*Asks:* 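Let me begin by handing over the structure; questions about it come next.
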Amino acid sequence: MSDAKLAELEARIRELEDVREITDSARKFNWECCGGFNGVQAGRMEALDNLADDATIEVKGLHEPGKGPKGREQYTEYWDYFYGDAGPLPYVFQAAVSEFVEVKGDIAESWCVMIGLFGFRGGGKPVFNLATRRNYYKRTDKGWKITKTTIDGGLGFKVDELEGGQHQLNELPPMDDRKPWTWESQQAKDAAK
């Protein structure tokens, strides 16, 4: 095999390994979001292990472009509001389908359709949602990490109720007195420093 052919093969193998690691990172993120049944908490903090220390989360309808939580401290505070049975979003099931990835050296971008079923507190009906999600990645010394995750919008409908099937839904304790992270609250904290 020629040197050129060998280099081409090595580059192809590296790209395949990169794409596999990137899609695994997204799967792990989604897996750690799922919960509210069989004793598993929704929105577990381990999801954040798939984010880079300087990452940002931007969800249309919740954050204006560039005004989502950025950096480990902010996105952990943002995430802590939603976590678990005592939070406002105790029932979550989400998965990515139709995902594709483009790798350009040490950065990458992925697109997918996210399927989600979300049960909120407050008496509202659960929501089934299909949304487009885009993740941006960078290669780090700890592997590929998400630098920005966005939910760009989608379609949804309400369902009458959630049922646990053979796995029972978690019995919910009273909701904690939590305050959500907002751009405005972050600006006030930054100004007070």
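Note: hydrogens, waters and symmetry copies are ignored here, and every other heavy atom, side chains too, is used. Being a predicted model, the structure only gives us computed values, none of them experimental.
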*Asks:* Would you call the rings of W111 and F100 parallel, tilted or perpendicular, where under 30° means parallel and over 60° means perpendicular?
*Replies:*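 Answer is parallel, since the angle falls under 30°.
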
*Asks:* Is L62 linked to I151 within one hydrophobic cluster, defined over Ile, Leu, Val, Met, Phe, Trp and Tyr using a side-chain heavy-atom separation of less than 4.5 Å?
*Replies:*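 Yes; tracing contacts between hydrophobic side chains, which count when under 4.5 Å, links both residues.
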
*Asks:* Within the side chain of R44, is there an N or O that forms a donor-acceptor pair under 3.5 Å with the backbone of G84?
*Replies:*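 No.
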
*Asks:* Using 0.5 Å steps for rounding, measure from the CD1 atom of I107 to the CH2 atom of W144.
*Replies:*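 Between atom CD1 of I107 and atom CH2 of W144 there are 8.0 Å.
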
*Asks:* When you measure from the side chain of W79 to the backbone N and O of G43, does any donor-acceptor pair fall under 3.5 Å?
*Replies:*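 It does hold such a pair.
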
*Asks:* Donor-acceptor check, side chain of T150 to backbone of D152, threshold 3.5 angstrom: yes or no?
*Replies:*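 Side chain of T150 to backbone of D152, a donor-acceptor pair under 3.5 Å: no, none is there.
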
*Asks:* Given side chains that start at C-beta, do those of V159 and K125 come closer than 4.5 Å, heavy atoms only?
*Replies:*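 Not in contact.
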
*Asks:* Does D190, at its CG atom, have more than 12 non-hydrogen atoms belonging to other residues, nucleotides or ligands within less than 6.0 Å?
*Replies:*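 It does: D190 CG has more than 12 such atoms within range.
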
*Asks:* For the pair N30 (side chain) and R27 (backbone), establish whether a donor and an acceptor sit closer than 3.5 Å, ignoring hydrogens and angles.
*Replies:*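 Here the side-chain-to-backbone pair does not exist.
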
*Asks:* Are T23 and V101 packed together at the side-chain level, in the sense that at least one heavy-atom pair is separated by less than 4.5 angstrom?
*Replies:*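 T23 vs V101: side chains touch.
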
*Asks:* Are Q186 and W181 packed together at the side-chain level, in the sense that at least one heavy-atom pair is separated by less than 4.5 angstrom?
*Replies:*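 The answer is yes; the side chains approach within 4.5 Å.
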
*Asks:* Where the side chain of S25 meets the backbone of E21, is there a donor-acceptor pair that is under 3.5 Å apart?
*Replies:*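 Such a contact is absent between S25 side chain and E21 backbone.
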
*Asks:* Do S110 and Y137 have side chains that get closer than 4.5 Å, going by heavy atoms?
*Replies:*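 In contact.
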
*Asks:* Are the side chains of K5 and E8 in touch, meaning some heavy atoms are under 4.5 Å apart?
*Replies:*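 Of all side-chain heavy-atom pairs linking E8 with K5, at least one is under 4.5 Å.
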
*Asks:* Please say yes or no: joined through hydrophobic side-chain contacts below 4.5 Å, possibly via intermediate residues, are F118 and L169 part of one cluster?
*Replies:*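 No, no single cluster joins them.
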
*Asks:* Same cluster or not: are F37 and L162 linked, directly or through other Ile, Leu, Val, Met, Phe, Trp or Tyr residues, by side-chain heavy atoms under 4.5 angstrom apart?
*Replies:*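 F37 clusters together with L162.
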
*Asks:* Does atom CG (L155) have a neighbourhood of more than 12 heavy atoms from anything else shown, all under 6.0 Å?
*Replies:*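 It does not: L155 CG has 12 such atoms or fewer within range.
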
*Asks:* Check for me, please, whether V59 and Y75 land in the same ILVMFWY cluster - side-chain distances under 4.5 Å, paths through other members count.
*Replies:*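 Linked within one cluster.
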
*Asks:* Cluster question for you: counting only ILVMFWY and a side-chain heavy-atom cut-off of under 4.5 Å, with indirect links fine, are M114 and F120 together?
*Replies:*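 In one cluster: yes.
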
*Asks:* With sequence neighbours left out, what residues match Y136 under ring pair (Phe, Tyr, Trp, His ring centres under 6.0 Å)?
*Replies:*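 Y136 satisfies ring pair (Phe, Tyr, Trp, His ring centres under 6.0 Å) with no other residue.
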
*Asks:* Should the pair K179-D177 be classified as a salt bridge under the 4.0 Å nitrogen-to-oxygen rule?
*Replies:*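 So K179 pairs with D177 through a salt bridge.
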
*Asks:* Is it true that a side-chain atom of D85 and a backbone atom of L172 form a donor plus acceptor pair closer than 3.5 Å?
*Replies:*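 Not at all, since once roles are kept as given, no pair shorter than 3.5 Å links the two residues.
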
*Asks:* CG/D49 to CZ/F29 distance, rounded to the nearest 0.5 angstrom?
*Replies:*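 The CG atom of D49 sits 11.0 Å away from the CZ atom of F29.
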
*Asks:* Quick one: does K148's side chain have a donor or acceptor within less than 3.5 Å of a partner on E58's backbone?
*Replies:*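 Such a contact is absent between K148 side chain and E58 backbone.
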
*Asks:* Counting C-beta onward and ignoring hydrogens, is there a side-chain heavy-atom pair between P88 and Y81 closer than 4.5 Å?
*Replies:*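 Touching, per the 4.5 Å side-chain cut-off.
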
*Asks:* Drop me the distance from Q187's CD to K189's NZ, to the nearest 0.5 angstrom.
*Replies:*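 So the gap between those two atoms works out to 11.5 Å.
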
*Asks:* Does P69 offer a backbone N or O that forms a donor-acceptor pair with the side chain of T56 under 3.5 Å?
*Replies:*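 Flag set: sc T56 to bb P69 pair under 3.5 Å.
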
*Asks:* For the pair R139 (side chain) and G105 (backbone), establish whether a donor and an acceptor sit closer than 3.5 Å, ignoring hydrogens and angles.
*Replies:*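 Indeed, once roles are kept as given, a pair shorter than 3.5 Å links the two residues.
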
*Asks:* Do E15 and E17 make a side-chain contact, defined as non-hydrogen atoms from C-beta onward lying under 4.5 Å apart?
*Replies:*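 Contact flag for E15/E17 side chains = no.
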
*Asks:* Quick one: list whatever passes ring pair (Phe, Tyr, Trp, His ring centres under 6.0 Å) with F82, sequence neighbours left out.
*Replies:*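 Expected list: Y78.
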
*Asks:* Taking C-beta and beyond as the side chain, do D18 and L16 meet within less than 4.5 Å on heavy atoms?
*Replies:*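 Counting from C-beta outward, D18 and L16 never come under 4.5 Å.
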
*Asks:* Just wondering, are more than 12 heavy atoms of other shown residues or ligands nearer than 6.0 Å to CD in E73?
*Replies:*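 It does not: E73 CD has 12 such atoms or fewer within range.
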
*Asks:* Is the CZ atom of R178 crowded by more than 12 outside heavy atoms at less than 6.0 Å?
*Replies:*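 Yes - once you tally the heavy atoms of other residues, nucleotides and ligands closer than 6.0 Å, there are more than 12.
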
*Asks:* So does D24 pair up with R20, basic N to acidic O under 4.0 Å?
*Replies:*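 R20 and D24: salt-bridged.
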
*Asks:* Does R133 use its side chain to pair, donor to acceptor, with the backbone of G153 at less than 3.5 Å?
*Replies:*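 No, R133 side chain to G153 backbone: no donor-acceptor pair under 3.5 Å.
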
